[in-house]
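So you know, we letter chains A, B, ... as the sequences are listed, proteins then strands, and number each from 1. Note that the structure is predicted; figures quoted are calculated from it, not measured.
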Amino acid sequence: MTTAHRSELNKEQIEAVETIEGPLLIIAGAGSGKTRVITYRIACMLSSGIPQKAILALTFTNKAAREMQERVRELTGKKLAGLSISTFHAFGVRVLRSHIHRLGYRENFSIYDVADQHDLLKETAREIAFSLESVDTTKLLALFSRVKTRMMPMAELAIAYQELYREYQSHMKLYNAVDFDDLIALPIKLLESFPDVLVEYRNQFRYVLVDEFQDTSRQQYRFMKLLGHSSGNVCVVGDDDQSIYSWRGADFGNILEFEKDFPGCREIKLERNYRSTDTILAAANGVISHNKNRKGKNLWTGTKGGKPIELYYPEDDRQEGLFIAEKIKTLAMREGLKYHDVGVLVRTNSLFRSLEEAFLAENIPYRTTGGQSFFQRKEIKDIIAYLRLMANPDDDISLLRVLNTPRRGIGKRTLEQITELAVSRGASLHTGIQAALHAADSPLPPKAQGDLHAFLDLIEEYRPRFLAKKKLGDTLKAFVEDIDYWAHLVAENQKSDKAAKWKYRNIEIFIGIVRDYERDPDNQNSGVFDFLNRISLNSRDEPDPKDSSGKINLMTIHAAKGLEHEVVFLAGVEEHLIPHARAIEENPDNIEEERRLFYVAITRARQKLFITACRKRRVMREIVESLPSPFLEEIPESLMQLMEMDEPVETDEAVDYFARIKAQFASGG
DNA sequence: TAGGCCAAGATTTTC
DNA sequence: TCTTGGCCTA
């Protein structure tokens with residue numbers, strides 16, 4: 001490492017950067033310069049002669065992966081074609097793309113998201129005449145996921161569900177489809193069952209780095225261990241206080257496990273915070289200290305003071321939105337605050353709406369991360385389903401989605417008949433349809449045969465064009481016009497042609513994304529499979545992540561992890577929202593994770609933190625009374641200022657602010 | 001048998 | 001508010 005680089009780091013950071021060989025555990029508190037340490041460390045490895053190809057850095061989100069890649073590139077000024085920086089899931093796809101045939105799948109596999117899983121579950125249940133009535137399919141899929149990720153033995157699954165699970169799994173295989181759990185589970189299976197594959201990866205990746213280690217699942221840990229255990233050159237970076245993904249299997253017990261599995265591991269704690277003011281940090285420490293289940297550390301900062309945290313109680317969510325919008329405008333005008341330095345954080349996606357309405361009304365440009373993804377929109381999913389079907393004709397879920405979209409006169413009865421045929425042959429629907437059309441004794445009436453024929457012809461006509469590794473965008477455009485998706489949208493949205501236009505516009509944007517993808521020199525010759533994989537793994541990303549400047553950032557707290565903003569607004573800091581009622585209902589112990597979430601939210605702020613809690617809120621159709629979040633009581637009072645919606649209240653007057661506010665709520669405001 | 005129309009239900013967080 | 005599912009009609 002050069003002296004210039006060294007001078008930018010503190011003692012612990014330097015140690016973390018320069019410890020290249022052997023297992024290393026870095027506990028990096030919020031704002032402690034973690035990203036800097038990771039990027040410098042990679043740069044240091046490269047400059048010491050370790051080839052790019054030998055390094056594997058695993059992150060949790062695509063955004064983190066991109067950022068890391070970007071920062072290392074800036075730092076080294078090198079092209080990084082050989083460096084592997086990706087999410088666990090993306091890396092899993094990469095492994096599967098090379099080796100999945102050994103597990104009996106084909107390389108053109110589809111990746112199913114939750115919506116697809118639901119569809120598949122229903123389809124499977126229908127076929128084996130299993131009634132899903134009065135079954136919460138979301139919960140059932142969660143159970144399936146636990147079985148698949150070995151968090152729960154199959155035997156613990158209710159007998160009644162075991163067959164359904166097996167059928168569900170065999171359907172996935174029949175459709176040549178995998179789900180997100182498979183993206184980790186199948187690579188593990190590959191590495192465990194085929195020593196030559198294991199050796200291949202171990203020989204290549206002699207240095208493994210895992211970011212956001214507290215959010216790795218048991219499976220991901222297992223995967224990581226398989227890859228890194230022989231070299232022992234594994235560096236994990238995490239912060240148990242920021243573990244907020246346990247609902248997805250994250251287990252920060254992996255930190256303890258790591259110390260056991262990698263004996264002699266070095267541990268470095270980064271506790272100096274370079275991000276936030278003393279006030280914000282003290283608030284965060286005050287909150288997180290209420291958690292019992294933590295490793296324990298104390299963040300400190302060299303800078304003293306900082307502006308107080310301002311607390312507001314708007315009447316309702318509408319007023320909350322307008323207040324935040326106004327406040328941002330005022331700060332922009334009076335203090336020169338830049339919009340892109342503002343983060344507006346919420347616990348749930350459902351809070352986006354009223355905030356977005358306010359920003360629109362006040363002409364404040366914003367961008368959102370999280371929330372309903374562009375790729376989840378119905379019209380986009382339709383088009384993606386066509387692409388998937390082209391890539392993998394056995395993908396029944398996609399076939400079912402588009403078979404009658406736009407309407408082709410293929411109805412329930414026909415569908416029943418072809419399903420029966422497919423099931424009896426143990427084949428996919430696509431194969432089933434072909435068989436039905438070619439068999440002399442086809443049970444289908446002539447009209448249905450004609451309709452199905454037309455459908456298959458359409459697929460066959462376009463399939464080679466989609467598989468050709470060129471002009472994907474043009475082909476898609478021609479295809480959308482050919483099926484007259486526009487007419488379909490008009491028919492589906494008879495009440496408002498605005499909606500139809502908006503949806504068609506989305507399709508055009510999507511085609512634009514395909515074109516951008518093709519134009520990107522990094523992706524040349526990659527084709528439809530790679531494109532599909534990419535959008536499956538990037539499902540939460542907005543289509544244009546580039547133009548972030550000049551826009552405020554509206555996001556969920558989960559999406560905000562790893563980010564920082566000069567000014568942060570925490571909206572909807574209310575009981576039942578944070579801690580979220582559902583999380584607590586599920587398991588009262590979840591309170592600690594909810595608290596960590598609140599902690600993560602607070603520590604995103606550099607200079608100034610605003611907190612709002614509404615007295616009333618629109619929830620679905622009704623208006624409900626709200627109370628402030630109990631977590632607010634865990635912030636030392638001296639750090640907070642209760643503000644009237646218009647003017648500030650003197651601090652000493654506000655000593656009992658919390659009690660007063662509670663009383664006010666109790667009396668109905 | 002297919003498609004339109006109407007009513008009910010749903011919202012925690014993401015790869 | 002938006003989507004999904006069921007029922008009824010042509």
Side-chain angles (χ1 to χ4, degrees), chain A residues 58-65 86-93 111-115 118-119 122 132-133 136-138 142 145 149 178-184 212 215-217 219-220 243-250 345-354 357 369-373 375-378 381 404-417 444-445 447-448 451 491-496 499 533-541 555-561 572 576-586 590 593-594 596-597 600-601 618-622:
Chain A
L58 294 169
T59 64
F60 209 61
T61 63
N62 294 296
K63 200 161 55 187
S86 77
T87 63
F88 270 97
H89 290 88
F91 184 68
V93 169
I111 301 172
Y112 279 1
D113 64 17
V114 229
H118 273 99
D119 291 347
K122 282 182 207 152
L132 282 175
E133 239 177 292
D136 183 337
T137 49
T138 305
S145 168
T149 57
V178 301
D179 60 23
F180 279 101
D181 290 329
D182 286 323
L183 296 183
I184 310 297
E212 304 285 9
D215 286 327
T216 50
S217 65
Q219 286 271 286
Q220 287 166 331
S243 169
I244 55 175
Y245 283 97
S246 73
W247 47 274
R248 202 178 109 180
L345 273 43
V346 292
R347 173 66 232 267
T348 68
N349 282 309
S350 56
L351 303 196
F352 278 15
R353 185 173 300 153
S354 56
E357 275 168 16
T369 41
Q372 204 206 10
S373 153
F375 298 108
Q376 307 281 354
R377 291 170 209 258
K378 198 166 173 246
K381 284 212 80 167
N404 211 21
T405 310
R407 304 237 180 269
R408 301 193 167 85
I410 301 170
K412 215 169 79 187
R413 182 77 195 108
T414 312
L415 195 57
E416 268 168 23
Q417 287 175 311
L444 296 167
K447 180 190 169 295
D451 293 337
E492 293 280 300
N493 298 277
Q494 282 168 356
K495 277 168 215 137
S496 109
N533 283 342
R534 187 168 307 201
I535 57 175
S536 304
L537 296 168
N538 276 298
S539 59
R540 285 278 157 177
D541 286 0
M555 55 182 91
T556 62
I557 301 173
H558 282 90
K561 199 175 67 156
H576 303 310
L577 280 174
I578 183 161
H580 199 279
R582 287 217 168 195
I584 302 302
E585 200 180 300
E586 221 168 70
N590 285 341
E593 174 142 327
E594 295 290 308
R596 289 193 292 270
L597 206 44
V600 166
R618 289 198 318 253
V619 179
M620 285 185 249
R621 263 172 290 197
E622 48 192 348

So what does A:E586 touch, heavy atoms closer than 4.0 Å: a base, only the sugar-phosphate, or nothing?
base
Closest listed nucleotide, where the reference is the side chain of A:R413 and the choices are B:dT1, B:dT14, B:dT12:
B:dT1
Taking only the side-chain nitrogens and oxygens of A:T556, find out if one of them lies under 4.0 Å from OP1 or OP2 of B:dT14.
yes
For A:Q220, give me all partners under side-chain hydrogen bond (donor to acceptor under 3.5 Å, both in side chains), at least two apart in sequence or on another chain.
A:S217
Between B:dT14, B:dC15, B:dG4, which nucleotide has the shortest distance from any of its atoms to the side chain of A:Y245?
B:dT14
Sub-6.0 Å ring centroid separation between A:H558 and A:W247
yes
A:R582 vs B:dT12: side-chain N/O to OP1/OP2 distance below 4.0 Å:
yes
A:L444 CG to B:dA2 P, straight-line distance once rounded to whole Å
10 Å
For A:H89, give me all partners under ring pair (Phe, Tyr, Trp, His ring centres under 6.0 Å), at least two apart in sequence or on another chain.
A:F180
Measure CG/A:L58 against P/B:dC15 and give the value in whole Å, please.
15 Å
What are the atom names and distances for every N/O pair under 3.5 Å that joins the protein to nucleotides 2-6 of chain C?
from, atom 1, to, atom 2, distance (Å)
C:dG5, OP1, A:K122, NZ, 2.8

Rounded off to whole Å, could you give me the CG-to-P distance for the A:L537 and B:dT14 pair?
16 Å
Would you mind classifying the nucleic acid contact of A:R248 as base, sugar-phosphate or nothing, using non-hydrogen atoms under 4.0 angstrom?
base
So do the side chains of A:V93 and A:I111 get within less than 4.5 Å of each other, counting heavy atoms only?
yes
Between CG of A:L597 and CZ of A:R347, what distance do you get to the nearest 0.5 Å?
5.0 Å
Taking atom C1' of B:dC15 as reference, at what distance in whole Å does atom CZ of A:F60 sit?
7 Å
Calculate the interatomic distance between A:H89 atom NE2 and B:dC15 atom P; express it in whole Å.
9 Å
Rounded to the Å, how far apart are A:R407 CZ and B:dG3 C1'?
6 Å
Any base atoms under 4.0 Å from A:N404, or only sugar-phosphate, or nothing? Heavy atoms, all strands.
sugar-phosphate
Take the protein atom CD1 of A:I184 and the nucleotide atom P of B:dC15, then report the distance between them rounded to whole Å.
13 Å
Test of understanding: with ring pair (Phe, Tyr, Trp, His ring centres under 6.0 Å), list the residues that count as partners of A:F91, not counting sequence neighbours.
A:F205, A:F223
Return the 5'-most residue of the pair A:E594, A:T414 with respect to DNA chain B, ranking by each residue's nearest nucleotide.
A:T414
Would you say the side chain of A:W247 and the base of B:dT12 hold a donor-acceptor pair, judged only by whether the two atoms sit under 3.5 Å apart?
no
How many Å lie between CG on A:L597 and C1' on B:dT12, as a whole number?
9 Å
Quick one: label A:F88 by what it contacts on the DNA or RNA (base, sugar-phosphate, nothing), any heavy atom closer than 4.0 Å.
nothing
Quick check on DNA chain B: between A:N590 and A:D181, whose nearest nucleotide comes earlier from the 5' end?
A:N590
Sequence-distant partners of A:E593, side-chain hydrogen bond (donor to acceptor under 3.5 Å, both in side chains), two or more places apart:
A:S246, A:R596
Sequence neighbours left out, what passes salt bridge (charged side-chain N to carboxylate O under 4.0 Å, His left out) with A:D113? Give chain and number order.
A:K381
